Protein chains: 2
Amino acid sequence: MSGKFSDVEEIDRAIVTALTADGRLSYTDLAERVGLSVSAVHQRVRRLEQRGVIKGYTARVSYEALDLQLTAFVAIRPFDPSQPDDAPDKLAHLSEIESCYSVAGEDFYMLLVRVASPGELERLLQQIRTAANVTTRTTVVLSTPYEGRPPAVSASSTPE
Amino acid sequence: MSGKFSDVEEIDRAIVTALTADGRLSYTDLAERVGLSVSAVHQRVRRLEQRGVIKGYTARVSYEALDLQLTAFVAIRPFDPSQPDDAPDKLAHLSEIESCYSVAGEDFYMLLVRVASPGELERLLQQIRTAANVTTRTTVVLSTPYEGRPPAVSASSTPE
DNA sequence: TCTGAAAGATGTACGTT
DNA sequence: AACGTACATCTTTCAGA
(Lines give C-alpha, C1' and ligand atoms only; values in the text may rest on other atoms or scores of the structure.)
Protein backbone atom coordinates (compact mmCIF):
# COMPACT_ATOMS: atom_id res chain seq x y z
CA MET A 1 0.00 0.00 0.00
CA SER A 2 1.04 3.58 -0.36
CA GLY A 3 2.80 5.23 2.57
CA LYS A 4 1.16 7.69 4.86
CA PHE A 5 2.01 11.32 4.58
CA SER A 6 3.73 11.17 7.95
CA ASP A 7 6.46 9.24 6.13
CA VAL A 8 6.95 12.09 3.72
CA GLU A 9 9.12 14.73 5.24
CA GLU A 10 10.19 18.15 4.20
CA ILE A 11 12.49 17.51 1.28
CA ASP A 12 10.18 14.89 -0.17
CA ARG A 13 7.33 17.36 0.04
CA ALA A 14 9.39 19.92 -1.85
CA ILE A 15 10.14 17.30 -4.49
CA VAL A 16 6.47 16.38 -4.84
CA THR A 17 5.44 20.01 -5.06
CA ALA A 18 8.03 20.71 -7.74
CA LEU A 19 7.04 17.66 -9.77
CA THR A 20 3.33 18.40 -9.63
CA ALA A 21 4.11 21.89 -10.92
CA ASP A 22 6.39 20.58 -13.67
CA GLY A 23 6.42 16.86 -14.23
CA ARG A 24 9.32 17.06 -16.63
CA LEU A 25 11.76 18.81 -14.32
CA SER A 26 15.26 17.43 -14.66
CA TYR A 27 16.92 15.84 -11.66
CA THR A 28 19.53 18.55 -11.95
CA ASP A 29 16.92 21.29 -11.52
CA LEU A 30 15.17 19.37 -8.78
CA ALA A 31 18.44 18.93 -6.92
CA GLU A 32 19.10 22.65 -7.05
CA ARG A 33 15.65 23.52 -5.74
CA VAL A 34 15.70 21.19 -2.79
CA GLY A 35 19.37 21.63 -1.99
CA LEU A 36 20.59 18.11 -2.49
CA SER A 37 22.94 16.39 -4.89
CA VAL A 38 21.54 14.98 -8.11
CA SER A 39 22.02 11.40 -7.01
CA ALA A 40 20.35 11.98 -3.65
CA VAL A 41 17.31 13.55 -5.35
CA HIS A 42 17.20 10.77 -7.87
CA GLN A 43 17.15 8.21 -5.10
CA ARG A 44 14.38 10.04 -3.27
CA VAL A 45 12.23 10.30 -6.38
CA ARG A 46 12.65 6.60 -6.99
CA ARG A 47 11.57 5.89 -3.43
CA LEU A 48 8.55 8.18 -3.77
CA GLU A 49 7.59 6.32 -6.93
CA GLN A 50 8.06 2.92 -5.30
CA ARG A 51 6.05 3.92 -2.25
CA GLY A 52 3.25 5.05 -4.52
CA VAL A 53 3.40 8.65 -3.36
CA ILE A 54 4.15 9.55 -6.96
CA LYS A 55 1.90 7.37 -9.10
CA GLY A 56 3.11 8.51 -12.49
CA TYR A 57 3.47 11.44 -14.83
CA THR A 58 1.16 12.87 -17.46
CA ALA A 59 0.86 15.62 -19.99
CA ARG A 60 -1.99 18.01 -19.28
CA VAL A 61 -3.87 18.56 -22.50
CA SER A 62 -6.42 20.99 -23.84
CA TYR A 63 -9.70 19.12 -24.15
CA GLU A 64 -11.00 21.67 -26.65
CA ALA A 65 -7.96 21.12 -28.84
CA LEU A 66 -8.68 17.39 -28.72
CA ASP A 67 -12.26 18.04 -29.79
CA LEU A 68 -13.75 17.14 -26.42
CA GLN A 69 -15.87 20.26 -26.17
CA LEU A 70 -18.44 19.00 -23.73
CA THR A 71 -17.75 18.07 -20.11
CA ALA A 72 -20.49 16.80 -17.81
CA PHE A 73 -21.10 15.24 -14.43
CA VAL A 74 -23.27 12.15 -14.55
CA ALA A 75 -24.78 10.99 -11.27
CA ILE A 76 -25.97 7.40 -11.47
CA ARG A 77 -28.02 5.06 -9.32
CA PRO A 78 -29.06 1.47 -9.96
CA PHE A 79 -32.32 0.86 -11.68
CA ASP A 80 -32.74 -2.15 -9.42
CA PRO A 81 -30.98 -1.54 -6.08
CA SER A 82 -31.34 -5.18 -5.04
CA GLN A 83 -28.90 -6.37 -7.68
CA PRO A 84 -25.16 -6.53 -7.11
CA ASP A 85 -23.53 -3.18 -7.73
CA ASP A 86 -20.52 -3.33 -9.98
CA ALA A 87 -21.23 -0.27 -12.08
CA PRO A 88 -17.61 0.98 -12.13
CA ASP A 89 -16.41 -2.28 -13.66
CA LYS A 90 -19.24 -2.33 -16.15
CA LEU A 91 -18.48 1.23 -17.22
CA ALA A 92 -14.69 1.12 -17.23
CA HIS A 93 -14.50 0.36 -20.93
CA LEU A 94 -16.18 3.65 -21.83
CA SER A 95 -13.18 5.88 -22.46
CA GLU A 96 -15.34 9.01 -22.36
CA ILE A 97 -15.59 8.47 -18.62
CA GLU A 98 -12.59 10.19 -17.15
CA SER A 99 -13.35 9.58 -13.49
CA CYS A 100 -15.72 7.50 -11.37
CA TYR A 101 -16.37 8.35 -7.73
CA SER A 102 -18.45 6.34 -5.27
CA VAL A 103 -20.41 8.94 -3.33
CA ALA A 104 -22.55 9.36 -0.24
CA GLY A 105 -26.02 10.78 -0.79
CA GLU A 106 -28.90 9.96 -3.06
CA ASP A 107 -26.73 8.82 -5.94
CA PHE A 108 -24.37 5.87 -5.97
CA TYR A 109 -21.66 7.14 -8.27
CA MET A 110 -20.60 10.39 -9.81
CA LEU A 111 -18.94 10.24 -13.21
CA LEU A 112 -16.95 12.93 -14.98
CA VAL A 113 -17.32 12.52 -18.73
CA ARG A 114 -15.91 14.30 -21.79
CA VAL A 115 -17.41 14.14 -25.26
CA ALA A 116 -17.35 16.07 -28.51
CA SER A 117 -20.99 17.13 -28.73
CA PRO A 118 -24.48 16.89 -27.24
CA GLY A 119 -25.20 14.08 -29.65
CA GLU A 120 -22.29 12.11 -28.30
CA LEU A 121 -23.40 12.81 -24.76
CA GLU A 122 -26.80 11.36 -25.56
CA ARG A 123 -25.21 8.26 -27.04
CA LEU A 124 -22.88 7.92 -24.04
CA LEU A 125 -25.75 8.22 -21.56
CA GLN A 126 -27.59 5.46 -23.34
CA GLN A 127 -24.49 3.30 -23.18
CA ILE A 128 -24.08 4.01 -19.48
CA ARG A 129 -27.70 3.16 -18.73
CA THR A 130 -27.70 -0.11 -20.61
CA ALA A 131 -24.20 -1.21 -19.60
CA ALA A 132 -24.73 -0.75 -15.85
CA ASN A 133 -28.54 -0.87 -15.57
CA VAL A 134 -28.70 2.54 -13.94
CA THR A 135 -30.59 5.78 -14.21
CA THR A 136 -28.61 8.95 -14.87
CA ARG A 137 -28.84 12.57 -13.83
CA THR A 138 -26.56 14.78 -15.88
CA THR A 139 -25.11 18.19 -15.08
CA VAL A 140 -23.50 19.91 -18.05
CA VAL A 141 -20.35 21.95 -17.48
CA LEU A 142 -20.61 25.38 -19.09
CA SER A 143 -17.07 26.52 -18.46
CA THR A 144 -14.11 25.60 -16.30
CA PRO A 145 -12.64 28.49 -14.30
CA TYR A 146 -9.93 26.15 -13.08
CA GLU A 147 -9.28 22.45 -12.92
CA GLY A 148 -6.69 19.98 -11.69
CA ARG A 149 -4.79 22.40 -9.53
CA PRO A 150 -1.94 20.70 -7.68
CA PRO A 151 -2.61 19.88 -4.03
CA ALA A 152 -1.04 22.08 -1.40
CA VAL A 153 1.56 19.78 0.07
CA SER A 154 1.52 21.30 3.52
CA ALA A 155 3.62 20.74 6.61
CA SER A 156 3.24 17.50 8.52
CA SER A 157 4.55 15.35 11.30
CA THR A 158 7.72 13.39 11.77
CA PRO A 159 9.43 11.13 9.23
CA GLU A 160 9.64 7.45 10.11
CA MET B 1 -6.07 30.35 -28.49
CA SER B 2 -5.52 26.66 -28.54
CA GLY B 3 -5.80 24.90 -31.88
CA LYS B 4 -8.74 22.81 -32.90
CA PHE B 5 -8.33 19.10 -32.93
CA SER B 6 -8.71 19.13 -36.69
CA ASP B 7 -5.22 20.66 -36.72
CA VAL B 8 -3.89 17.69 -34.81
CA GLU B 9 -3.23 14.87 -37.13
CA GLU B 10 -2.22 11.30 -36.73
CA ILE B 11 1.36 11.53 -35.53
CA ASP B 12 0.57 14.39 -33.18
CA ARG B 13 -2.25 12.30 -31.74
CA ALA B 14 0.15 9.44 -31.16
CA ILE B 15 2.51 11.84 -29.41
CA VAL B 16 -0.25 13.23 -27.21
CA THR B 17 -1.45 9.75 -26.32
CA ALA B 18 2.05 8.64 -25.42
CA LEU B 19 2.70 11.71 -23.28
CA THR B 20 -0.57 11.45 -21.39
CA ALA B 21 0.33 7.84 -20.60
CA ASP B 22 3.88 8.77 -19.56
CA GLY B 23 4.66 12.44 -19.23
CA ARG B 24 8.35 11.81 -18.73
CA LEU B 25 8.94 9.84 -21.91
CA SER B 26 12.20 10.82 -23.58
CA TYR B 27 12.19 12.24 -27.08
CA THR B 28 14.23 9.25 -28.08
CA ASP B 29 11.51 6.85 -26.94
CA LEU B 30 8.77 9.02 -28.41
CA ALA B 31 10.56 9.08 -31.74
CA GLU B 32 10.76 5.32 -31.80
CA ARG B 33 7.07 4.92 -31.03
CA VAL B 34 5.82 7.30 -33.67
CA GLY B 35 8.40 6.43 -36.27
CA LEU B 36 10.10 9.76 -36.72
CA SER B 37 13.56 11.11 -36.04
CA VAL B 38 14.27 12.53 -32.61
CA SER B 39 14.53 16.08 -33.90
CA ALA B 40 11.24 15.85 -35.78
CA VAL B 41 9.44 14.61 -32.69
CA HIS B 42 11.06 17.27 -30.60
CA GLN B 43 9.85 19.93 -32.98
CA ARG B 44 6.32 18.54 -32.97
CA VAL B 45 6.16 18.44 -29.20
CA ARG B 46 7.31 22.05 -29.05
CA ARG B 47 4.59 23.03 -31.50
CA LEU B 48 1.96 21.14 -29.53
CA GLU B 49 3.08 22.98 -26.43
CA GLN B 50 3.05 26.34 -28.17
CA ARG B 51 -0.38 25.76 -29.65
CA GLY B 52 -1.66 24.90 -26.20
CA VAL B 53 -2.62 21.36 -27.11
CA ILE B 54 -0.18 20.24 -24.43
CA LYS B 55 -0.64 22.60 -21.51
CA GLY B 56 2.04 21.20 -19.25
CA TYR B 57 3.21 18.16 -17.35
CA THR B 58 2.49 16.95 -13.84
CA ALA B 59 3.25 14.15 -11.46
CA ARG B 60 0.17 12.19 -10.44
CA VAL B 61 0.26 11.75 -6.69
CA SER B 62 -1.49 9.62 -4.11
CA TYR B 63 -3.82 11.89 -2.16
CA GLU B 64 -3.90 9.43 0.72
CA ALA B 65 -0.14 9.50 0.95
CA LEU B 66 -0.29 13.29 1.09
CA ASP B 67 -2.80 13.08 3.93
CA LEU B 68 -5.73 14.30 1.84
CA GLN B 69 -8.04 11.51 2.90
CA LEU B 70 -11.32 13.20 2.15
CA THR B 71 -12.54 14.18 -1.32
CA ALA B 72 -15.88 15.90 -1.85
CA PHE B 73 -18.00 17.65 -4.42
CA VAL B 74 -19.32 21.00 -3.28
CA ALA B 75 -22.17 22.49 -5.29
CA ILE B 76 -22.58 26.18 -4.62
CA ARG B 77 -25.12 28.89 -5.43
CA PRO B 78 -25.17 32.55 -4.50
CA PHE B 79 -26.89 33.52 -1.31
CA ASP B 80 -28.04 36.65 -3.11
CA PRO B 81 -28.45 35.95 -6.84
CA SER B 82 -28.81 39.65 -7.67
CA GLN B 83 -25.18 40.39 -6.80
CA PRO B 84 -22.33 40.04 -9.30
CA ASP B 85 -21.13 36.48 -9.51
CA ASP B 86 -17.37 36.12 -9.23
CA ALA B 87 -17.26 33.13 -6.96
CA PRO B 88 -14.38 31.40 -8.80
CA ASP B 89 -12.11 34.40 -8.26
CA LYS B 90 -13.13 34.73 -4.66
CA LEU B 91 -12.42 31.05 -4.03
CA ALA B 92 -9.25 30.65 -6.04
CA HIS B 93 -7.00 31.24 -3.05
CA LEU B 94 -8.36 28.17 -1.27
CA SER B 95 -5.84 25.53 -2.25
CA GLU B 96 -8.11 22.73 -1.05
CA ILE B 97 -10.26 23.46 -4.10
CA GLU B 98 -8.76 21.40 -6.88
CA SER B 99 -11.28 22.25 -9.59
CA CYS B 100 -14.10 24.71 -10.19
CA TYR B 101 -16.71 24.11 -12.87
CA SER B 102 -19.49 26.46 -13.91
CA VAL B 103 -22.52 24.23 -14.41
CA ALA B 104 -26.01 24.24 -15.85
CA GLY B 105 -28.80 23.28 -13.48
CA GLU B 106 -29.88 24.40 -10.05
CA ASP B 107 -26.36 25.13 -8.83
CA PHE B 108 -23.98 27.72 -10.17
CA TYR B 109 -20.67 26.00 -9.64
CA MET B 110 -19.39 22.58 -8.80
CA LEU B 111 -16.18 22.35 -6.81
CA LEU B 112 -13.94 19.35 -6.27
CA VAL B 113 -12.18 19.66 -2.93
CA ARG B 114 -9.62 17.58 -1.02
CA VAL B 115 -8.98 17.82 2.70
CA ALA B 116 -7.45 15.77 5.48
CA SER B 117 -10.52 15.20 7.65
CA PRO B 118 -14.20 15.96 8.26
CA GLY B 119 -13.12 18.76 10.56
CA GLU B 120 -11.16 20.37 7.78
CA LEU B 121 -14.08 19.95 5.42
CA GLU B 122 -16.28 21.82 7.86
CA ARG B 123 -13.74 24.62 8.13
CA LEU B 124 -13.36 24.77 4.35
CA LEU B 125 -17.11 24.94 3.78
CA GLN B 126 -17.32 27.86 6.18
CA GLN B 127 -14.53 29.59 4.31
CA ILE B 128 -16.25 28.97 0.98
CA ARG B 129 -19.56 30.33 2.23
CA THR B 130 -18.13 33.50 3.70
CA ALA B 131 -15.60 34.16 0.94
CA ALA B 132 -18.09 33.93 -1.91
CA ASN B 133 -21.41 34.57 -0.13
CA VAL B 134 -22.86 31.27 -1.27
CA THR B 135 -24.75 28.30 0.08
CA THR B 136 -23.17 24.87 -0.29
CA ARG B 137 -24.40 21.35 -0.90
CA THR B 138 -21.72 18.78 -0.30
CA THR B 139 -21.40 15.24 -1.60
CA VAL B 140 -18.71 13.20 0.09
CA VAL B 141 -16.65 10.79 -1.99
CA LEU B 142 -16.48 7.36 -0.36
CA SER B 143 -14.01 5.80 -2.74
CA THR B 144 -12.58 6.38 -6.18
CA PRO B 145 -12.81 3.39 -8.53
CA TYR B 146 -10.89 5.41 -11.13
CA GLU B 147 -9.93 8.98 -11.75
CA GLY B 148 -8.08 11.13 -14.26
CA ARG B 149 -7.99 8.54 -17.00
CA PRO B 150 -6.37 9.92 -20.15
CA PRO B 151 -8.76 10.96 -22.91
CA ALA B 152 -9.15 8.66 -25.88
CA VAL B 153 -7.45 10.64 -28.58
CA SER B 154 -9.53 9.27 -31.42
CA ALA B 155 -9.31 9.65 -35.16
CA SER B 156 -10.20 12.97 -36.73
CA SER B 157 -10.28 15.00 -39.89
CA THR B 158 -7.59 16.48 -42.06
CA PRO B 159 -4.46 18.30 -40.90
CA GLU B 160 -4.13 21.95 -41.84
C1' DT C 1 8.69 19.22 -42.31
C1' DC C 2 11.94 15.86 -42.26
C1' DT C 3 16.87 13.96 -41.43
C1' DG C 4 21.46 13.40 -39.42
C1' DA C 5 25.29 15.04 -36.86
C1' DA C 6 27.69 17.32 -33.13
C1' DA C 7 28.03 19.57 -28.66
C1' DG C 8 26.63 20.04 -24.36
C1' DA C 9 23.50 18.59 -20.64
C1' DT C 10 21.43 14.96 -18.16
C1' DG C 11 20.45 10.22 -16.38
C1' DT C 12 22.06 6.42 -13.88
C1' DA C 13 25.10 3.24 -11.49
C1' DC C 14 28.52 2.69 -8.26
C1' DG C 15 32.00 3.37 -4.82
C1' DT C 16 33.02 6.45 -0.72
C1' DT C 17 32.03 8.86 3.33
C1' DA D 1 21.37 8.95 3.52
C1' DA D 2 24.07 11.78 0.86
C1' DC D 3 27.98 12.80 -2.15
C1' DG D 4 30.97 12.82 -6.37
C1' DT D 5 32.67 10.55 -10.31
C1' DA D 6 32.25 8.42 -14.74
C1' DC D 7 30.14 6.65 -18.60
C1' DA D 8 26.07 6.13 -21.38
C1' DT D 9 22.19 8.38 -23.03
C1' DC D 10 19.43 12.23 -24.10
C1' DT D 11 18.46 17.10 -25.41
C1' DT D 12 18.96 20.74 -28.36
C1' DT D 13 20.44 23.18 -32.24
C1' DC D 14 21.72 23.60 -36.94
C1' DA D 15 22.67 22.77 -41.82
C1' DG D 16 20.84 20.46 -45.69
C1' DA D 17 17.28 18.28 -48.39
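The chains referred to below are lettered A, B, ... by the order of the sequence lines, with proteins before strands, and numbering in each begins at 1. The structure presented is a predicted model; accordingly, all values stated were derived computationally and were not measured.
One interatomic measurement links the two molecules: CZ of B:Arg44 to P of C:dT3, which rounds to 9 Å at whole-angstrom precision. If you measure from atom CD1 of B:Ile11 to atom P of C:dT1, you get 11 Å, rounded to the nearest angstrom. In this structure, A:Leu19 atom CG and C:dG11 atom C1' are separated by 15 Å, rounded to whole Å. Between the P atom of D:dC3 and the OH atom of A:Tyr27 lies a distance of 16 Å, rounded to the nearest Å. The separation between B:Tyr57 atom OH and D:dT11 atom P is 11 Å, rounded to whole Å. For the pair A:Leu36 CG and D:dG4 C1', the interatomic distance rounds to 14 Å; values are reported in whole Å. In this structure, B:Asp29 atom CG and D:dC10 atom P are separated by 7 Å, rounded to whole Å. As rounded to whole Å, 13 Å separates atom P of C:dT1 from atom CZ of B:Arg46.
Cation-pi contact between A:Arg114 and A:Tyr63: present, with separation from the ring centre below 6.0 Å and deviation from the ring axis of at most 45°. Stacking of A:Arg33 on the aromatic ring of A:Tyr27 is not recorded, the 6.0 Å distance cut-off and the 45° axial limit not both being met.
Checked options A:Leu121, A:Thr71, A:Leu91; the residue passing with A:Val113 is A:Leu121 (criterion: side chain to side chain contact (heavy atoms under 4.5 Å, CB included)).
Contact check, B:His42 against D:dT12: a side-chain N or O comes under 4.0 Å of OP1 or OP2. One finds no side-chain N or O of B:Ser39 lying less than 4.0 angstrom from the OP1 or OP2 phosphate oxygen of C:dC2. Considering only side-chain N and O atoms, A:Ser26 lies nowhere under 4.0 angstrom from the phosphate OP1 or OP2 of C:dA9.
Taking only side-chain atoms of A:Ser37, from C-beta outward, the nucleotide of D:dT11, C:dT3, D:dC3 with the closest atom is D:dC3.
Both A:Leu25 and B:Gln43 lie close to DNA chain C; mapped to their nearest nucleotides by heavy-atom distance, the more 5′-ward contact belongs to B:Gln43. Between A:Ala40 and B:Val38, the residue anchored nearer the 5' end of DNA chain D, judged by the nucleotide with its closest heavy atom, is A:Ala40.
The 12-atom threshold is not exceeded at CZ of B:Phe79, counting heavy atoms of other residues, nucleotides or ligands nearer than 6.0 Å. Residue B:Arg123 places its CZ atom among more than 12 non-hydrogen atoms of other residues, nucleotides or ligands, all under 6.0 Å distant.
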